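Shown next, in structure tokens, is the structure this report addresses.
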Amino acid sequence: MANSSPLVLRLLAASASVSRHAGSIIRNISTKKDVGVVLKGGRADDPQTEADRQAQRCIISSLKHQFPTVTIIGEEDIDGGCDETLLHTGLDEEVLKCSLPEGLHSDGSDVVVWVDPLDGTSEFTAGFWDNVTVLIGIAVKGEAACGVIHQPFFGMSPDNPTPSSSAGRTCWGITGVGSFGYTYTAPSNPARRSIASTRTHSTGHVKDTIEALKPTEQVNVGGAGCKVLMLLEGRADVYAFASPGTSKWDTCAGQAMLEAVGGHLTDIAGNKYRYTADVTLKNTRGVLASLNADHKELVDLVPDSVKQALSK
Ligand code: AMP
Ligand code: MG
Ligand code: MG
């Protein structure tokens, strides 16, 4: 069945499978005393660790080996050579059971894979393990189409660090099909507006926007993947980040998974981001994501001054 499946479905099945392998690499490195922190651009709020580097090598080598014609873009600026020792070529059987919508059939030439090998690196180094995810987004013709969000430490914490044989959780989705691997629970208070935002990258615009969105609750957690999962599970209603800080590898997977269940991930003016290979890497116009909310109403609440400031 695997070989006769459409390319994008096989690519998603390989991505889900290799995300688990990357997760086990990340767990192994978390047990080391020295996780090899490098400050990217010398900035303390943009760290990279050996876990980011090895997880990216594993994911990109493995996907390139199986899909040599597909463009793959990873967050980390490291030697891109194929590392045979990290190759993983499994395919997720659950993914392969899906029927891929006609519009996502492709020969691979218009497919771009966006890889964030470890989203929430600051949180990884600070022991906020539940904020850490591996993100693999698949764009077809520039549109976020499929996504994988893997949580390497699901069910674990620094206080309870021993991984069971089933450590980690892999959630994935396909636009037009659905998102899987987690359970959505509706809030007991339908009037709740719980807003998830950054733990470490707040700014005046970020704060002003959250206030304008009239939250009934606010949660500050690290990582774009973790915040999208909060929406998917019904633990929060809105992800708001009026800052140019995130990049396409942070949002492609989550955008696809939210759209797959009727949600939205846009810039703060309500425009969808696109994911062609030549696109600007940064999400310069910020992030506004929601599920089971009136997204247009949220866009309208964002202050014009903030929209103006992030309009480039
Ligand atoms: P956060 O919600 O702050 O945890 O950020 C989500 C993702 O965007 C993470 O991968 C961060 O590293 C990245 N990010 C957000 N803001 C910045 C920033 N100002 N500089 C570098 N990376 C950022
Ligand atoms: Mg990230
Ligand atoms: Mg990262």
Side-chain angles (χ1 to χ4, degrees), residues 19 22-23 25-26 29-30 35-60 72-78 113-137 144 147-153 195-207 209-210 218-231 236 238-255 257-258 265 267-268 273 275 280-289 309-310:
S19 76
I25 290 172
I26 292 169
I29 293 174
S30 75
V35 296
V37 175
V38 171
L39 301 181
K40 292 194 275 187
R43 290 180 35 204
D45 66 348
D46 200 7
Q48 180 200 69
T49 70
E50 188 54 28
D52 300 66
R53 295 186 285 274
Q54 274 209 37
Q56 175 161 311
R57 283 195 191 100
C58 163
I59 295 167
I60 294 194
I72 306 175
I73 301 174
E75 172 176 3
E76 308 308 337
D77 189 8
I78 50 176
V113 182
W114 295 90
V115 178
D116 187 341
L118 196 168
D119 182 49
T121 305
S122 299
E123 287 69 25
F124 174 68
T125 60
F128 293 97
W129 282 357
D130 56 337
N131 292 185
V132 172
T133 59
V134 176
L135 303 176
I136 307 178
V148 174
I149 304 181
H150 173 78
Q151 287 179 297
F153 299 105
I195 300 196
S197 195
T198 182
R199 195 183 69 85
T200 55
H201 296 109
S202 196
T203 64
H205 289 145
V206 169
K207 289 184 194 139
T209 300
I210 293 171
Q218 192 190 329
V219 270
N220 295 87
V221 294
C226 175
K227 287 186 270 289
V228 167
L229 271 178
M230 292 187 78
L231 300 189
V238 180
Y239 165 17
F241 187 53
S243 151
T246 70
S247 301
K248 297 293 178 294
W249 44 76
D250 290 306
T251 50
C252 183
Q255 182 174 330
M257 290 177 67
L258 281 167
L265 189 152
D267 68 19
I268 55 160
Y273 281 114
Y275 296 90
T280 310
L281 296 176
K282 284 276 179 207
N283 292 323
T284 51
R285 302 183 310 273
V287 174
L288 186 65
L310 270 73

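Just so you know, ligand 1 is whichever comes first in the structure, and atom 1 is the first atom listed for that ligand. Computed from a predicted structure; not experimentally measured.
- Among protein residues, Arg43, Asp46, Asp119, Thr198, His201, Gly222, Gly223, Ala224, Lys227, Phe241, Gly245, Thr246, Asp250 come within 4.0 Å of ligand 1, judged on heavy atoms.
- Excluding waters, the set of protein N/O/S atoms under 2.8 Å from the Mg ion (ligand 2) reads Asp116 OD2, Asp119 OD1, Asp250 OD1.
- Shown here for Thr280 and Lys248, the closest heavy-atom pair between the two residues is O-NZ, 3.0 Å.
- Side chain to side chain, Asn283 and Thr246 meet the donor-acceptor criterion of an N or O pair below 3.5 Å.
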- Task: Could you check Gln56 against Gln48 for side-chain contact (heavy atoms from CB on, under 4.5 Å), going step by step and ending with a plain yes or no?
- Result: CA-CA 11 Å; Gln56 175 161 311; Gln48 180 200 69; over 6 Å; no
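- Residue pairs meeting the side chain to side chain donor-acceptor pair (under 3.5 Å) criterion with at least one partner in residues 113-130, sequence neighbours excluded, are Asp52-Thr121, Glu123-Arg199.
- The side-chain hydrogen bond (donor to acceptor under 3.5 Å, both in side chains) search around Ser197 returns none, not counting sequence neighbours.
- Considering every non-hydrogen atom in both Ser202 and Thr198, the closest pair reads N-CG2, 3.5 Å.
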- Query: Going through the checks in order, is the side-chain contact (heavy atoms from CB on, under 4.5 Å) test met by Arg57 and Ile25?
  - Reply: CA-CA 11 Å; Arg57 283 195 191 100; Ile25 290 172; over 6 Å; no
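- Side-chain contact between Cys226 and Phe128: absent, with no pair of heavy atoms (C-beta onward) separated by less than 4.5 Å.
- Minimum interatomic distance between Val132 and Gly120 (heavy atoms only, all atoms of both residues): CG2-O, 3.8 Å.
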